[in-house]
J.: 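Provided herewith is a single structure, encoded as structure tokens, for subsequent inquiry.
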Amino acid sequence: MSAVRCRFAPAPSGSIHVGNARSALFSWLYARGRGGTFILRIEDTDASRVSQAAVGGVLDDLRWLGLDWDEGPEVGGPHGPYRQSERLGIYRDAVDRLLADGRAYRCYCTPEELEERRRAALERGEPPGYDGRCRELTKADVARFEAEGRPAAVRFRMPEGPWVVEDLVKGTVRFGPGQLRDFVLLRSDGTPVFLLAVAVDDLLMGITHVVRGDDLLASAPRNAAVIEALGGVPPAYAHLPLVLGPDGRPLSKRHGSTSVEAFREQGYLPEALVNYLALLGWSKDDHTTFMDREELVASFDLERVSSNPAVFDVEKLTWMNTHYIQQLGDDELAARCLRFLTGAGLSVDPLTLRAAMPLVRERMRTLAEAPGLLRFLFTDDVVPDERAATVIAKAPEGYLKAAAEALDDLEGWDATSIAAALDALAAGAGLGRTKGWQPVRAAVTGSTVSPPLPESLELLGRARTVARLRAVS
Ligand code: GLU
């Protein structure tokens with residue numbers, strides 16, 4: 001194994017937002033393409049918010065996307081535990097070292113004092129942020145505060161700026177003097193702050209490349225400073241630009257679905273979502289769209305990640321999904337449709353389902369469309385929808401009865417004979433194929449749109465076909 005070690009470090013709140021899924025994917029692709037290690041770390045120090053179900057949602061999403069992890073929850077590894085809530089002692093040890101080395105200090109400022117000084121700074125037209133009040137407390141000050149029983153947070157002594165991050169995506173990012181103040185590592189109740197936990201874990205877990213959203217760009221110099229203060233070498237950082245909705249605002253609920261789970265439930269294939277997410281801000285070249293997992297792993301590089309925000313286009317995802325549905329074999333497509341059909345309350349005969357795949361594959365944009373297309377095969381409770389009812393009502397007198405007779409009398413029961421019988425019936429009524437077949441389709445499938453009719457009837461079987469025609473004639 002090469003030395004590359006990447007991680008995905010979600011703060012779980014259920015299913016993963018597709019923007020974060022893209023961070024996970026890019027991190028995974030970078031590790032996999034270099035024979036490296038991909039680590040999953042659960043950032044749940046704010047334990048009150050993080051339920052077991054929320055963590056389970058993250059693991060399910062990653063598995064469904066096929067982003068396997070070499071170290072992390074459920075698989076373990078040499079740098080565990082991989083849940084931050086189980087690493088509190090580790091963070092406190094790190095803080096003790098920073099305090100002992102003078103790289104951190106106790107801060108006795110109360111929230112009220114901080115707020116007051118923040119407001120005063122704003123009034124003076126100065127940037128808010130910690131003013132360093134407790135940086136150089138005398139022993140006497142400390143003794144007095146301790147005697148008062150004042151709670152103390154621990155603050156990091158941010159080294160003098162300017163600070164520079166050589167970001168693999170953003171390029172050289174500079175933070176000017178005064179931009180990064182001393183920040184809290186440990187709250188007065190002893191709980192670690194995100195900036196501490198991330199730095200300590202990236203250091204101890206030997207992370208070489210941090211790939212994450214650019215909302216965390218300003219954390220990078222802080223993370224790096226803590227790692228250096230602990231005697232380590234910071235990882236390389238790659239901050240990915242935001243994922244936007246079509247209106248140019250960050251992708252959120254107001255744009256519709258945003259979670260991996262939502263896309264799964266809507267019948268998108270993980271192959272399609274992975275391929276689509278890979279192209280959100282990255283490209284192999286100027287013409288390649290469809291890439292399977294192997295090709296993505298082989299060609300992905302952080303250097304080709306764009307530093308501009310990417311717009312999430314669900315139409316394109318759907319178009320790609322249609323492509324991936326065409327690529328699946330009949331057995332595989334049937335297996336993937338099954339959950340959607342049973343979820344719609346249908347009792348599915350596996351052989352019929354498999355045989356129906358060639359009929360519906362080209363009509364399906366998502367797996368969730370399977371129940372609508374195939375319902376008539378797996379239930380006899382077929383009530384014509386509004387359009388179908390109109391078509392049935394407008395059929396020539398006796399037409400459907402004649403259809404029932406003709407099909408009942410048919411010698412063989414195969415699509416070719418069925419088509420011939422339907423054509424003869426239509427011609428007898430002076431109708432063409434389109435108009436002539438439509439009442440039969442409406443009566444048998446309950447809909448005016450269905451998979452190819454003769455093949456559908458062949459699959460449905462003579463008895464059920466004839467019974468449905470008789471029921472409406
Ligand atoms: N836990 C952070 C989040 O979910 C990510 C931290 C990181 O990647 O450094 O936003």
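Order of listing sets the numbers, starting from 1, for every ligand and every atom in it.
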J.: Which of the numbered atoms in ligand 1 are below 4.0 angstrom from a heavy atom of Pro10?
T.: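 Near Pro10, the atoms of ligand 1 are 4 (O).
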J.: Using 4.0 Å as the upper bound for N to carboxylate O, is an ion pair formed by Arg119 and Glu123?
T.: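 Looking at Arg119 together with Glu123, the answer is no, because their closest N to O distance does not fall below 4.0 Å.
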J.: To check you understand the geometry: which heavy-atom pair defines the closest contact between Arg155 and Cys107, and what is its length?
T.: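 Scanning both residues completely, I find the closest heavy atoms to be NE-SG, 3.3 Å.
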J.: If the cut-off is 4.0 Å to any non-hydrogen atom of Arg212, which atoms of ligand 1 fall inside it?
T.: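 Close to Arg212: 7 (C), 8 (O), 9 (O).
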J.: Which bit of Ala11 is near ligand 1, meaning a heavy atom under 4.0 Å away: side chain, backbone, both or neither?
T.: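 The answer is both, backbone and side chain.
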J.: Examine the proximity of ligand 1 to Phe8 and report which part, side chain or backbone, both or neither, has a heavy atom under 4.0 Å away.
T.: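 The answer is neither; Phe8 stays 4.0 Å or more away.
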J.: Are more than 12 heavy atoms, taken from residues, nucleotides or ligands other than Arg135, located less than 6.0 Å from that residue's CZ atom?
T.: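 Atom CZ in Arg135 is crowded, with more than 12 foreign heavy atoms closer than 6.0 Å.
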J.: Between Leu216 and ligand 1, which residue portion shows a heavy-atom distance shorter than 4.0 Å: side chain, backbone, both, or neither?
T.: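 Side chain only.
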J.: Under a 3.5 Å threshold, yes or no: a donor from one side chain and an acceptor from the other, between Asp44 and Ser85?
T.: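 Yes, a side-chain donor-acceptor pair sits under 3.5 Å.
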J.: List ligand 1 atoms under 4.0 Å from Val198, heavy atoms only on the residue side.
T.: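 Atoms satisfying the 4.0 Å criterion: 9 (O).
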J.: Just by distance, no angles: are the side chains of Trp282 and Asp301 close enough, under 3.5 Å, to form a donor-acceptor pair?
T.: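 Their side chains do not contain a donor-acceptor pair, so the 3.5 Å distance test is not met.
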J.: Quiz question: by atom type and distance under 3.5 Å, do the side chains of Tyr105 and Asp182 form a donor-acceptor pair?
T.: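 Side chains of Tyr105 and Asp182: pair found under 3.5 Å.
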J.: Decide whether Thr191 and Asp189 meet the rule of one side-chain donor and one side-chain acceptor closer than 3.5 Å.
T.: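 The criterion, which ignores hydrogens and geometry beyond distance, is satisfied for Asp189 and Thr191.
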J.: Taking N or O atoms only and a 3.5 Å limit, does Ala9 qualify as a polar contact for ligand 1?
T.: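 Yes; at least one N/O pair falls below 3.5 Å.
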J.: Give the atom numbers and elements of ligand 1 that come within less than 4.0 Å of a heavy atom of Glu43.
T.: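 In order of number, 1 (N), 2 (C), 5 (C), 6 (C).
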J.: Tell me: protein heavy atom nearest atom 8 (O) of ligand 1, and distance?
T.: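 Minimum-distance protein heavy atom for atom 8 (O) of ligand 1 reads Arg7 NH1, 2.6 Å.
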